[in-house]
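To start, the structure itself, in C-alpha coordinates.
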Amino acid sequence: MSGTELEQELSQAELAAFFGRELLGWYDVVKRKLPWRINRDPYRVWVSEIMLQQTRVDTVIPYYERFMQRFPTVQALAEAPEEDVLKHWEGLGYYSRARNLQAGAREVVERYNGIVPDDAASVASLKGVGPYTAGAIMSIAFNRSEPAVDGNVMRVLSRFWLLEDDIAKPATRVKIEKLARSIIPEGRAGDFNQALMELGALVCTPKSPGCLTCPVMEHCAGRLAGREAELPIKTKAKPPRPEWRLGVVVEGSGENAGRVLVRQRPDTGLLARMWELPHVLVPKDAEKRLRSDKSEAESEREQASLADLLARMLHEEAGLLIRPLRHWTKAEHVFSHIHWHMDVFEADLPSIGAVASGDVNASEQSILAEGLGLVAEATSSYEGDKKLPSGYAWIGPEAMDTLAFPNLFLKLLQQHWGIKGRG
DNA sequence: AAGTCGGGGGT
DNA sequence: ACCCCAGACTT
(Lines give C-alpha, C1' and ligand atoms only; values in the text may rest on other atoms or scores of the structure.)
Protein backbone atom coordinates (compact mmCIF):
# COMPACT_ATOMS: atom_id res chain seq x y z
CA MET A 1 0.00 0.00 0.00
CA SER A 2 1.33 3.38 -0.97
CA GLY A 3 0.40 5.06 2.27
CA THR A 4 -0.23 8.42 0.64
CA GLU A 5 -3.54 7.33 -0.81
CA LEU A 6 -6.56 6.83 1.32
CA GLU A 7 -8.27 3.62 0.25
CA GLN A 8 -11.86 4.67 0.00
CA GLU A 9 -13.87 1.86 1.57
CA LEU A 10 -17.15 1.90 -0.31
CA SER A 11 -20.18 0.26 1.19
CA GLN A 12 -21.99 -2.50 -0.63
CA ALA A 13 -24.74 -0.05 -1.57
CA GLU A 14 -22.23 2.48 -2.88
CA LEU A 15 -20.44 -0.19 -4.91
CA ALA A 16 -23.76 -1.33 -6.35
CA ALA A 17 -24.74 2.21 -7.28
CA PHE A 18 -21.38 2.81 -8.95
CA PHE A 19 -21.55 -0.51 -10.77
CA GLY A 20 -25.07 0.02 -12.10
CA ARG A 21 -24.50 3.62 -13.12
CA GLU A 22 -21.26 3.01 -15.00
CA LEU A 23 -22.38 -0.26 -16.55
CA LEU A 24 -25.63 1.21 -17.90
CA GLY A 25 -23.84 4.30 -19.20
CA TRP A 26 -21.40 2.07 -21.03
CA TYR A 27 -24.15 -0.20 -22.38
CA ASP A 28 -26.19 2.70 -23.73
CA VAL A 29 -23.21 3.61 -25.88
CA VAL A 30 -21.84 0.29 -27.08
CA LYS A 31 -24.75 -2.13 -27.08
CA ARG A 32 -24.91 -4.30 -30.18
CA LYS A 33 -27.80 -4.24 -32.60
CA LEU A 34 -29.10 -7.79 -32.47
CA PRO A 35 -32.16 -9.20 -34.25
CA TRP A 36 -33.94 -9.97 -30.97
CA ARG A 37 -33.49 -6.39 -29.81
CA ILE A 38 -35.69 -4.77 -32.46
CA ASN A 39 -38.60 -4.85 -29.99
CA ARG A 40 -39.62 -6.45 -26.70
CA ASP A 41 -42.04 -9.04 -28.03
CA PRO A 42 -41.92 -11.69 -25.28
CA TYR A 43 -42.09 -14.51 -27.84
CA ARG A 44 -39.09 -13.09 -29.72
CA VAL A 45 -37.16 -12.69 -26.46
CA TRP A 46 -38.11 -16.21 -25.42
CA VAL A 47 -36.92 -17.81 -28.66
CA SER A 48 -33.65 -15.86 -28.54
CA GLU A 49 -32.93 -16.87 -24.96
CA ILE A 50 -33.51 -20.56 -25.67
CA MET A 51 -31.24 -20.43 -28.70
CA LEU A 52 -28.58 -18.55 -26.75
CA GLN A 53 -28.34 -21.25 -24.08
CA GLN A 54 -24.74 -22.47 -24.28
CA THR A 55 -24.50 -20.97 -27.75
CA ARG A 56 -22.65 -17.88 -28.96
CA VAL A 57 -24.42 -14.83 -30.30
CA ASP A 58 -22.75 -15.04 -33.72
CA THR A 59 -23.80 -18.66 -34.09
CA VAL A 60 -27.40 -17.94 -33.13
CA ILE A 61 -28.09 -14.94 -35.39
CA PRO A 62 -28.67 -16.78 -38.70
CA TYR A 63 -30.68 -19.51 -36.95
CA TYR A 64 -32.80 -16.90 -35.21
CA GLU A 65 -33.56 -15.05 -38.45
CA ARG A 66 -34.67 -18.21 -40.23
CA PHE A 67 -36.64 -19.47 -37.25
CA MET A 68 -38.56 -16.23 -36.75
CA GLN A 69 -39.31 -16.03 -40.45
CA ARG A 70 -40.78 -19.52 -40.42
CA PHE A 71 -42.40 -19.31 -36.94
CA PRO A 72 -43.18 -15.60 -36.42
CA THR A 73 -45.70 -16.10 -33.58
CA VAL A 74 -46.39 -18.45 -30.69
CA GLN A 75 -49.32 -19.81 -32.67
CA ALA A 76 -47.20 -20.54 -35.73
CA LEU A 77 -44.70 -22.47 -33.63
CA ALA A 78 -47.41 -24.34 -31.74
CA GLU A 79 -49.10 -25.49 -34.94
CA ALA A 80 -45.96 -26.56 -36.81
CA PRO A 81 -44.93 -30.20 -37.26
CA GLU A 82 -42.14 -31.09 -34.85
CA GLU A 83 -40.01 -32.29 -37.73
CA ASP A 84 -40.18 -28.80 -39.19
CA VAL A 85 -39.04 -27.25 -35.92
CA LEU A 86 -36.15 -29.70 -35.58
CA LYS A 87 -35.13 -28.98 -39.16
CA HIS A 88 -34.80 -25.30 -38.31
CA TRP A 89 -32.68 -26.26 -35.30
CA GLU A 90 -30.45 -28.58 -37.36
CA GLY A 91 -26.80 -28.02 -36.51
CA LEU A 92 -27.47 -25.81 -33.51
CA GLY A 93 -27.21 -28.63 -30.99
CA TYR A 94 -29.01 -29.42 -27.73
CA TYR A 95 -32.08 -30.40 -29.70
CA SER A 96 -34.25 -30.87 -26.62
CA ARG A 97 -34.29 -27.07 -26.57
CA ALA A 98 -36.30 -27.09 -29.79
CA ARG A 99 -38.75 -29.73 -28.61
CA ASN A 100 -39.18 -28.03 -25.24
CA LEU A 101 -39.64 -24.64 -26.88
CA GLN A 102 -42.44 -25.96 -29.03
CA ALA A 103 -44.02 -27.70 -26.05
CA GLY A 104 -43.87 -24.37 -24.25
CA ALA A 105 -45.47 -22.60 -27.19
CA ARG A 106 -48.30 -25.11 -27.24
CA GLU A 107 -48.75 -24.62 -23.52
CA VAL A 108 -48.95 -20.84 -23.95
CA VAL A 109 -51.57 -21.27 -26.67
CA GLU A 110 -53.66 -23.68 -24.64
CA ARG A 111 -53.34 -22.24 -21.15
CA TYR A 112 -52.67 -18.55 -21.73
CA ASN A 113 -54.64 -17.91 -24.89
CA GLY A 114 -51.46 -17.49 -26.91
CA ILE A 115 -50.12 -14.66 -24.72
CA VAL A 116 -46.81 -15.17 -22.90
CA PRO A 117 -47.78 -14.59 -19.25
CA ASP A 118 -46.29 -11.55 -17.50
CA ASP A 119 -45.68 -13.60 -14.39
CA ALA A 120 -42.40 -15.06 -13.16
CA ALA A 121 -43.80 -18.30 -11.80
CA SER A 122 -45.80 -19.02 -14.97
CA VAL A 123 -42.86 -18.28 -17.26
CA ALA A 124 -40.52 -20.35 -15.12
CA SER A 125 -42.89 -23.32 -15.38
CA LEU A 126 -42.63 -23.47 -19.18
CA LYS A 127 -40.64 -26.41 -20.54
CA GLY A 128 -37.01 -25.57 -21.16
CA VAL A 129 -37.19 -22.36 -19.14
CA GLY A 130 -34.88 -22.53 -16.11
CA PRO A 131 -33.77 -19.88 -13.64
CA TYR A 132 -31.63 -17.95 -16.11
CA THR A 133 -34.12 -17.91 -18.99
CA ALA A 134 -37.06 -17.05 -16.73
CA GLY A 135 -35.14 -14.07 -15.38
CA ALA A 136 -34.06 -13.03 -18.87
CA ILE A 137 -37.61 -13.11 -20.24
CA MET A 138 -39.10 -11.33 -17.22
CA SER A 139 -36.47 -8.59 -17.22
CA ILE A 140 -35.93 -8.06 -20.96
CA ALA A 141 -39.52 -8.45 -22.17
CA PHE A 142 -41.35 -7.08 -19.12
CA ASN A 143 -38.63 -5.06 -17.39
CA ARG A 144 -39.26 -6.88 -14.12
CA SER A 145 -36.52 -6.80 -11.48
CA GLU A 146 -35.45 -10.41 -11.82
CA PRO A 147 -31.82 -11.56 -12.05
CA ALA A 148 -30.62 -13.43 -15.15
CA VAL A 149 -27.42 -15.18 -14.15
CA ASP A 150 -25.55 -16.97 -16.91
CA GLY A 151 -21.88 -17.76 -17.35
CA ASN A 152 -21.07 -14.17 -18.28
CA VAL A 153 -22.72 -12.77 -15.18
CA MET A 154 -21.03 -15.26 -12.87
CA ARG A 155 -17.67 -14.33 -14.35
CA VAL A 156 -18.23 -10.56 -14.18
CA LEU A 157 -19.57 -10.57 -10.64
CA SER A 158 -16.96 -13.07 -9.44
CA ARG A 159 -14.29 -10.66 -10.58
CA PHE A 160 -15.86 -7.41 -9.49
CA TRP A 161 -16.70 -8.70 -6.04
CA LEU A 162 -13.77 -11.12 -5.88
CA LEU A 163 -15.96 -14.11 -5.18
CA GLU A 164 -13.96 -17.30 -4.84
CA ASP A 165 -16.87 -19.71 -4.97
CA ASP A 166 -16.65 -22.49 -7.54
CA ILE A 167 -19.02 -21.42 -10.31
CA ALA A 168 -19.32 -25.05 -11.42
CA LYS A 169 -21.39 -25.71 -8.30
CA PRO A 170 -25.15 -25.09 -8.44
CA ALA A 171 -25.07 -23.41 -5.04
CA THR A 172 -22.81 -20.69 -6.41
CA ARG A 173 -25.33 -19.70 -9.07
CA VAL A 174 -27.94 -19.33 -6.33
CA LYS A 175 -25.62 -17.14 -4.30
CA ILE A 176 -24.76 -14.94 -7.27
CA GLU A 177 -28.44 -14.66 -8.15
CA LYS A 178 -29.08 -13.10 -4.76
CA LEU A 179 -26.27 -10.64 -5.29
CA ALA A 180 -27.43 -9.86 -8.84
CA ARG A 181 -30.99 -9.27 -7.68
CA SER A 182 -29.78 -6.86 -5.01
CA ILE A 183 -27.92 -4.61 -7.43
CA ILE A 184 -30.50 -4.20 -10.21
CA PRO A 185 -30.95 -0.43 -10.80
CA GLU A 186 -34.51 0.75 -10.29
CA GLY A 187 -36.59 0.52 -13.45
CA ARG A 188 -33.81 -0.78 -15.68
CA ALA A 189 -33.71 -4.53 -15.06
CA GLY A 190 -33.76 -5.46 -18.74
CA ASP A 191 -30.95 -3.17 -19.76
CA PHE A 192 -28.92 -4.01 -16.66
CA ASN A 193 -29.08 -7.76 -17.20
CA GLN A 194 -28.22 -7.40 -20.86
CA ALA A 195 -25.43 -4.98 -20.01
CA LEU A 196 -23.92 -7.50 -17.59
CA MET A 197 -23.88 -10.15 -20.30
CA GLU A 198 -22.64 -7.70 -22.91
CA LEU A 199 -19.74 -6.77 -20.64
CA GLY A 200 -18.91 -10.42 -20.10
CA ALA A 201 -19.04 -11.12 -23.83
CA LEU A 202 -17.11 -8.08 -25.05
CA VAL A 203 -14.81 -6.92 -22.23
CA CYS A 204 -14.73 -9.15 -19.17
CA THR A 205 -13.87 -12.19 -21.27
CA PRO A 206 -12.72 -15.55 -19.88
CA LYS A 207 -9.15 -15.07 -21.08
CA SER A 208 -7.21 -11.82 -21.24
CA PRO A 209 -10.04 -9.55 -20.10
CA GLY A 210 -10.00 -5.98 -21.43
CA CYS A 211 -9.79 -4.28 -18.06
CA LEU A 212 -8.40 -1.08 -19.59
CA THR A 213 -11.65 -0.47 -21.42
CA CYS A 214 -13.90 -1.71 -18.62
CA PRO A 215 -16.40 0.85 -17.30
CA VAL A 216 -16.20 -0.51 -13.74
CA MET A 217 -12.48 -1.28 -13.46
CA GLU A 218 -11.95 1.47 -10.88
CA HIS A 219 -13.68 -0.54 -8.17
CA CYS A 220 -13.28 -4.06 -9.47
CA ALA A 221 -11.98 -6.04 -6.49
CA GLY A 222 -10.56 -8.81 -8.66
CA ARG A 223 -8.62 -6.33 -10.77
CA LEU A 224 -7.47 -4.27 -7.77
CA ALA A 225 -6.11 -7.47 -6.25
CA GLY A 226 -4.39 -8.34 -9.52
CA ARG A 227 -6.35 -11.57 -9.61
CA GLU A 228 -8.73 -11.01 -12.54
CA ALA A 229 -6.98 -13.69 -14.59
CA GLU A 230 -7.58 -16.40 -12.00
CA LEU A 231 -11.25 -15.61 -11.58
CA PRO A 232 -13.81 -17.03 -11.68
CA ILE A 233 -12.80 -20.25 -9.97
CA LYS A 234 -14.17 -23.29 -11.73
CA THR A 235 -13.40 -26.99 -11.30
CA LYS A 236 -12.53 -28.87 -14.46
CA ALA A 237 -15.00 -31.11 -16.22
CA LYS A 238 -14.28 -34.78 -16.74
CA PRO A 239 -13.02 -35.63 -20.22
CA PRO A 240 -15.53 -37.32 -22.52
CA ARG A 241 -15.45 -41.12 -22.56
CA PRO A 242 -14.27 -42.61 -25.84
CA GLU A 243 -16.56 -44.76 -27.97
CA TRP A 244 -15.61 -46.62 -31.12
CA ARG A 245 -18.45 -46.83 -33.59
CA LEU A 246 -18.87 -48.41 -37.01
CA GLY A 247 -21.15 -46.58 -39.39
CA VAL A 248 -22.36 -47.40 -42.86
CA VAL A 249 -23.50 -45.67 -46.00
CA VAL A 250 -25.83 -48.17 -47.63
CA GLU A 251 -26.36 -47.31 -51.26
CA GLY A 252 -29.71 -48.17 -52.77
CA SER A 253 -30.25 -49.75 -56.17
CA GLY A 254 -33.06 -49.81 -58.68
CA GLU A 255 -35.63 -47.23 -57.74
CA ASN A 256 -33.46 -46.29 -54.74
CA ALA A 257 -30.33 -45.66 -56.79
CA GLY A 258 -28.52 -42.58 -55.54
CA ARG A 259 -30.26 -42.82 -52.19
CA VAL A 260 -28.82 -43.79 -48.83
CA LEU A 261 -30.31 -45.72 -45.95
CA VAL A 262 -30.96 -43.59 -42.86
CA ARG A 263 -32.79 -44.14 -39.60
CA GLN A 264 -34.48 -42.08 -36.92
CA ARG A 265 -33.14 -42.12 -33.38
CA PRO A 266 -35.32 -42.96 -30.35
CA ASP A 267 -37.66 -40.42 -28.74
CA THR A 268 -35.36 -39.85 -25.76
CA GLY A 269 -31.68 -39.55 -25.05
CA LEU A 270 -28.81 -38.35 -27.20
CA LEU A 271 -29.92 -36.67 -30.45
CA ALA A 272 -33.48 -37.75 -29.77
CA ARG A 273 -35.67 -38.14 -32.87
CA MET A 274 -32.90 -36.95 -35.16
CA TRP A 275 -32.00 -38.89 -38.31
CA GLU A 276 -28.63 -40.57 -38.78
CA LEU A 277 -26.62 -43.11 -40.72
CA PRO A 278 -26.90 -46.61 -39.24
CA HIS A 279 -24.06 -47.36 -36.85
CA VAL A 280 -23.14 -49.74 -34.04
CA LEU A 281 -21.06 -49.44 -30.88
CA VAL A 282 -18.00 -51.69 -30.89
CA PRO A 283 -18.13 -53.66 -27.63
CA LYS A 284 -15.15 -53.11 -25.36
CA ASP A 285 -14.10 -56.76 -25.52
CA ALA A 286 -14.21 -56.78 -29.31
CA GLU A 287 -12.29 -53.52 -29.30
CA LYS A 288 -9.34 -55.15 -27.56
CA ARG A 289 -9.38 -57.99 -30.05
CA LEU A 290 -9.61 -55.75 -33.11
CA ARG A 291 -7.15 -53.12 -31.98
CA SER A 292 -4.22 -55.56 -31.78
CA ASP A 293 -2.80 -53.90 -34.86
CA LYS A 294 -1.89 -50.43 -33.72
CA SER A 295 -0.17 -49.43 -36.94
CA GLU A 296 -1.16 -46.25 -38.75
CA ALA A 297 -2.68 -47.79 -41.83
CA GLU A 298 -5.35 -50.31 -41.07
CA SER A 299 -4.76 -53.59 -42.74
CA GLU A 300 -7.24 -55.07 -45.17
CA ARG A 301 -7.66 -57.88 -42.74
CA GLU A 302 -8.66 -55.59 -39.91
CA GLN A 303 -11.08 -53.72 -42.13
CA ALA A 304 -12.67 -56.98 -43.14
CA SER A 305 -13.08 -57.88 -39.48
CA LEU A 306 -14.68 -54.55 -38.76
CA ALA A 307 -17.00 -54.87 -41.72
CA ASP A 308 -17.98 -58.32 -40.55
CA LEU A 309 -18.71 -57.07 -37.05
CA LEU A 310 -20.70 -54.15 -38.43
CA ALA A 311 -22.88 -56.35 -40.62
CA ARG A 312 -23.48 -58.88 -37.87
CA MET A 313 -24.36 -56.30 -35.21
CA LEU A 314 -26.64 -54.39 -37.56
CA HIS A 315 -28.43 -57.63 -38.30
CA GLU A 316 -28.81 -58.49 -34.63
CA GLU A 317 -29.87 -55.04 -33.50
CA ALA A 318 -32.10 -53.95 -36.37
CA GLY A 319 -32.75 -57.04 -38.47
CA LEU A 320 -30.96 -55.31 -41.29
CA LEU A 321 -28.87 -57.30 -43.75
CA ILE A 322 -26.16 -55.34 -45.52
CA ARG A 323 -23.12 -56.21 -47.60
CA PRO A 324 -20.10 -54.08 -46.68
CA LEU A 325 -18.07 -53.16 -49.74
CA ARG A 326 -15.15 -51.05 -48.54
CA HIS A 327 -13.91 -48.80 -45.78
CA TRP A 328 -14.86 -45.26 -46.77
CA THR A 329 -13.72 -42.73 -44.16
CA LYS A 330 -13.07 -41.98 -40.54
CA ALA A 331 -15.05 -39.42 -38.58
CA GLU A 332 -14.58 -37.92 -35.12
CA HIS A 333 -17.25 -36.21 -33.12
CA VAL A 334 -16.97 -34.87 -29.61
CA PHE A 335 -19.95 -34.35 -27.37
CA SER A 336 -19.44 -32.90 -23.90
CA HIS A 337 -19.55 -36.38 -22.37
CA ILE A 338 -18.79 -38.78 -25.26
CA HIS A 339 -16.05 -38.86 -27.88
CA TRP A 340 -17.03 -40.84 -30.97
CA HIS A 341 -14.37 -42.40 -33.16
CA MET A 342 -16.20 -43.63 -36.22
CA ASP A 343 -15.12 -45.87 -39.07
CA VAL A 344 -17.60 -45.51 -41.88
CA PHE A 345 -18.07 -48.21 -44.50
CA GLU A 346 -19.81 -48.23 -47.84
CA ALA A 347 -22.25 -51.06 -48.41
CA ASP A 348 -25.18 -52.23 -50.43
CA LEU A 349 -27.87 -54.80 -49.88
CA PRO A 350 -27.14 -58.42 -50.63
CA SER A 351 -28.88 -59.60 -53.78
CA ILE A 352 -30.23 -63.06 -54.41
CA GLY A 353 -28.22 -63.23 -57.56
CA ALA A 354 -25.00 -62.54 -55.73
CA VAL A 355 -25.68 -65.24 -53.20
CA ALA A 356 -26.65 -67.78 -55.81
CA SER A 357 -23.62 -67.12 -57.98
CA GLY A 358 -21.26 -67.32 -55.05
CA ASP A 359 -20.14 -63.75 -55.62
CA VAL A 360 -19.70 -63.09 -51.92
CA ASN A 361 -16.68 -62.80 -49.68
CA ALA A 362 -15.93 -64.85 -46.62
CA SER A 363 -17.18 -62.37 -44.08
CA GLU A 364 -20.44 -62.00 -45.90
CA GLN A 365 -20.93 -65.75 -46.00
CA SER A 366 -20.69 -65.92 -42.24
CA ILE A 367 -23.59 -63.49 -42.08
CA LEU A 368 -25.66 -65.02 -44.80
CA ALA A 369 -25.11 -68.52 -43.56
CA GLU A 370 -27.57 -67.75 -40.82
CA GLY A 371 -30.35 -68.02 -43.31
CA LEU A 372 -30.69 -67.57 -47.03
CA GLY A 373 -34.39 -67.29 -46.43
CA LEU A 374 -33.85 -64.08 -44.55
CA VAL A 375 -31.77 -62.71 -47.38
CA ALA A 376 -34.40 -63.50 -49.94
CA GLU A 377 -37.10 -61.97 -47.82
CA ALA A 378 -35.01 -58.92 -47.08
CA THR A 379 -34.01 -58.40 -50.69
CA SER A 380 -37.47 -58.50 -52.11
CA SER A 381 -38.94 -56.27 -49.43
CA TYR A 382 -36.12 -53.73 -49.36
CA GLU A 383 -36.35 -53.18 -53.06
CA GLY A 384 -39.99 -52.33 -52.76
CA ASP A 385 -39.15 -49.72 -50.11
CA LYS A 386 -42.03 -51.04 -48.06
CA LYS A 387 -40.70 -53.32 -45.35
CA LEU A 388 -37.52 -51.69 -44.16
CA PRO A 389 -36.92 -52.19 -40.43
CA SER A 390 -38.94 -49.81 -38.31
CA GLY A 391 -37.48 -46.31 -38.32
CA TYR A 392 -35.42 -46.84 -41.48
CA ALA A 393 -35.85 -44.97 -44.76
CA TRP A 394 -34.15 -44.20 -48.03
CA ILE A 395 -33.17 -40.61 -48.64
CA GLY A 396 -31.63 -38.81 -51.57
CA PRO A 397 -30.03 -35.37 -51.68
CA GLU A 398 -33.24 -33.83 -52.98
CA ALA A 399 -35.07 -34.78 -49.78
CA MET A 400 -32.53 -33.42 -47.33
CA ASP A 401 -34.76 -30.47 -46.50
CA THR A 402 -37.33 -32.75 -44.91
CA LEU A 403 -35.38 -34.70 -42.29
CA ALA A 404 -33.25 -33.21 -39.50
CA PHE A 405 -29.73 -34.61 -39.12
CA PRO A 406 -27.13 -33.74 -36.49
CA ASN A 407 -24.11 -32.07 -38.02
CA LEU A 408 -21.94 -35.16 -37.83
CA PHE A 409 -24.18 -37.11 -40.20
CA LEU A 410 -25.11 -34.10 -42.26
CA LYS A 411 -21.47 -33.65 -43.18
CA LEU A 412 -20.99 -37.34 -43.98
CA LEU A 413 -24.02 -37.33 -46.29
CA GLN A 414 -22.88 -34.17 -48.01
CA GLN A 415 -19.43 -35.67 -48.44
CA HIS A 416 -20.93 -38.83 -49.87
CA TRP A 417 -23.07 -37.06 -52.46
CA GLY A 418 -20.59 -34.29 -53.05
CA ILE A 419 -17.92 -36.71 -54.16
CA LYS A 420 -20.39 -38.56 -56.31
CA GLY A 421 -21.59 -35.36 -57.90
CA ARG A 422 -18.11 -34.21 -58.81
CA GLY A 423 -17.07 -37.64 -60.01
C1' DA B 1 -24.11 -33.00 -6.59
C1' DA B 2 -23.16 -35.31 -10.66
C1' DG B 3 -24.40 -36.80 -15.20
C1' DT B 4 -26.76 -35.96 -19.67
C1' DC B 5 -27.51 -33.09 -23.51
C1' DG B 6 -24.25 -30.43 -29.48
C1' DG B 7 -21.39 -27.95 -31.76
C1' DG B 8 -18.21 -24.47 -32.65
C1' DG B 9 -15.10 -20.50 -31.77
C1' DG B 10 -11.30 -18.44 -29.08
C1' DT B 11 -6.72 -18.74 -27.24
C1' DA C 1 -5.53 -29.13 -26.68
C1' DC C 2 -8.37 -26.97 -23.65
C1' DC C 3 -11.98 -23.81 -22.35
C1' DC C 4 -16.37 -21.91 -22.64
C1' DC C 5 -20.43 -20.40 -24.57
C1' DA C 6 -27.01 -15.30 -22.83
C1' DG C 7 -28.25 -23.55 -19.23
C1' DA C 8 -31.95 -27.08 -18.35
C1' DC C 9 -33.24 -31.46 -16.97
C1' DT C 10 -32.73 -35.97 -14.81
C1' DT C 11 -31.21 -39.04 -11.35
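Chain naming here is simple, since letters A, B, ... match the order of the sequence lines and numbering starts at 1 in each. Note: hydrogens, waters and symmetry copies are ignored here, and every other heavy atom, side chains too, is used.
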### Query
Quick one: is C/dC5 close enough that its OP1 or OP2 comes under 4.0 Å of any side-chain N or O from A/Tyr94?
no

### Task
For B/dT4 and C/dA6, measure between their P atoms and round to the nearest Å.
25 Å

### Query
A/Leu271 has an atom CG; how far is it from atom C1' of B/dG7, in whole Å?
11 Å

### Query
Which nucleotide in the list B/dG6, C/dC9, C/dA6 gets nearest to the side chain of A/Met197?
C/dA6

#### Entry: For atom CG of A/Leu92 and atom C1' of B/dC5, their distance in whole Å
13 Å

### Message
Looking only at side-chain N and O atoms, does A/Asp41 offer a donor or acceptor that is under 3.5 Å from a partner on A/Trp36?
### Response
no

### Task
Under 4.0 Å between any heavy atoms, over every strand shown, what does A/Leu196 touch: base, sugar-phosphate, or nothing? Just pick one.
nothing

### Query
Quick one: are the ring centres of A/Trp89 and A/Tyr94 less than 6.0 Å apart?
no

### Message
Rounding to an integer number of angstrom, what distance separates B/dG9 and C/dA8 when you compare their P atoms?
### Response
23 Å

### Task
Could you tell me whether A/Arg66 sits above the aromatic face of A/Tyr63, with NZ or CZ closer than 6.0 angstrom to the six-membered ring centre and within 45 degrees of the axis?
yes

### Task
Check the distance between C/dA6's C1' and A/Asp191's CG and give it to me in whole angstrom.
15 Å

### Message
Centre-to-centre under 6.0 Å for A/His279 and A/Phe409, is that the case here?
### Response
yes

### Query
Looking at A/Lys238, does any N or O in its side chain come under 4.0 Å of the phosphate oxygens OP1/OP2 on B/dG3?
yes

### Message
What's the gap between B/dG6 and C/dC4 when it is taken at their C1' atoms, as a whole Å value?
### Response
13 Å

### Message
Quick check on C/dG7: is either OP1 or OP2 less than 4.0 Å from any side-chain nitrogen or oxygen of A/Gln54?
### Response
yes

### Query
Is A/Trp89 touching bases, backbone alone, or none of the nucleic acid, heavy atoms closer than 4.0 Å?
nothing

### Message
Is A/His333 close enough to B/dG6 that one of its side-chain N or O atoms is under 4.0 Å from OP1 or OP2 there?
### Response
no

### Summary
Rounded to whole Å, CE of A/Met51 lies from P of B/dG7 at a distance of 15 Å

### Task
Answer yes or no: does a side-chain N or O of A/Thr55 lie under 4.0 Å from OP1 or OP2 of B/dG6?
no

### Message
Checking contacts here: which listed nucleotide (C/dA6, C/dA8, C/dC2) is nearest the side-chain heavy atoms of A/Lys207?
### Response
C/dC2

### Message
Which is more 5' along DNA chain B, the nucleotide nearest A/Ala171 or the one nearest A/Thr205? Just name the residue.
### Response
A/Ala171

#### Entry: Sugar-phosphate, base or nothing in reach of A/Val60, heavy atoms under 4.0 Å
nothing

### Query
Over how many whole Å does the gap from A/Leu101 atom CG to B/dG6 atom C1' extend?
17 Å

### Query
Any donor-acceptor pair under 3.5 Å between the side chain of A/Arg56 and the base of C/dC4?
yes

#### Entry: Sugar-phosphate, base or nothing in reach of A/Gly200, heavy atoms under 4.0 Å
nothing

### Message
Does B/dC5 have its OP1 or OP2 closer than 4.0 Å to a side-chain nitrogen or oxygen of A/His337?
### Response
yes

### Task
From the options C/dC3, B/dA1, B/dG7, select the nucleotide whose nearest atom is closest to the side chain of A/Phe335.
B/dG7

### Task
Output yes when at least one side-chain N/O atom of A/Asn407 is less than 4.0 Å from OP1 or OP2 of B/dG6, else no.
no

### Task
Mind calculating the distance between CG (A/Leu202) and C1' (C/dA6) to the nearest angstrom?
12 Å

## Note on the structure
As its Watson-Crick or G-U partner within any shown strand, both distances under 3.5 Å, B/dG6 has none

### Summary
5'-most contact on DNA chain C (nearest-nucleotide basis), A/Gly128 vs A/Ser48, goes to A/Ser48

### Message
Taking the nucleotide of DNA chain C with the nearest heavy atom to each, does A/Lys127 or A/Glu49 sit closer to the 5' end?
### Response
A/Glu49

### Query
Is the distance from OP1 or OP2 of B/dT4 to the nearest side-chain N or O of A/Arg241 less than 4.0 Å?
yes

### Query
Checking all strands, does A/Arg265 fall into the base, sugar-phosphate, or nothing category for heavy-atom contacts under 4.0 angstrom?
nothing

### Task
Indicate, with a heavy-atom threshold strictly under 4.0 Å, whether A/Arg99 touches base, sugar-phosphate, or nothing.
nothing

### A/His88 and A/Phe71 aromatic centres sub-6.0 Å
yes

### Query
Are side-chain N/O atoms of A/Glu332 and A/His341 paired as donor and acceptor at under 3.5 Å?
yes

### Message
Rounded to whole Å, how long is the line connecting atom CG of A/Leu408 with atom C1' of B/dC5?
### Response
15 Å

### Query
Got a second to check how far A/Leu15's CG is from A/Trp161's CH2, nearest 0.5 Å?
6.0 Å

### Task
Can you tell me the distance, in whole Å, between the CG atom of A/Leu52 and the P atom of C/dC4?
19 Å

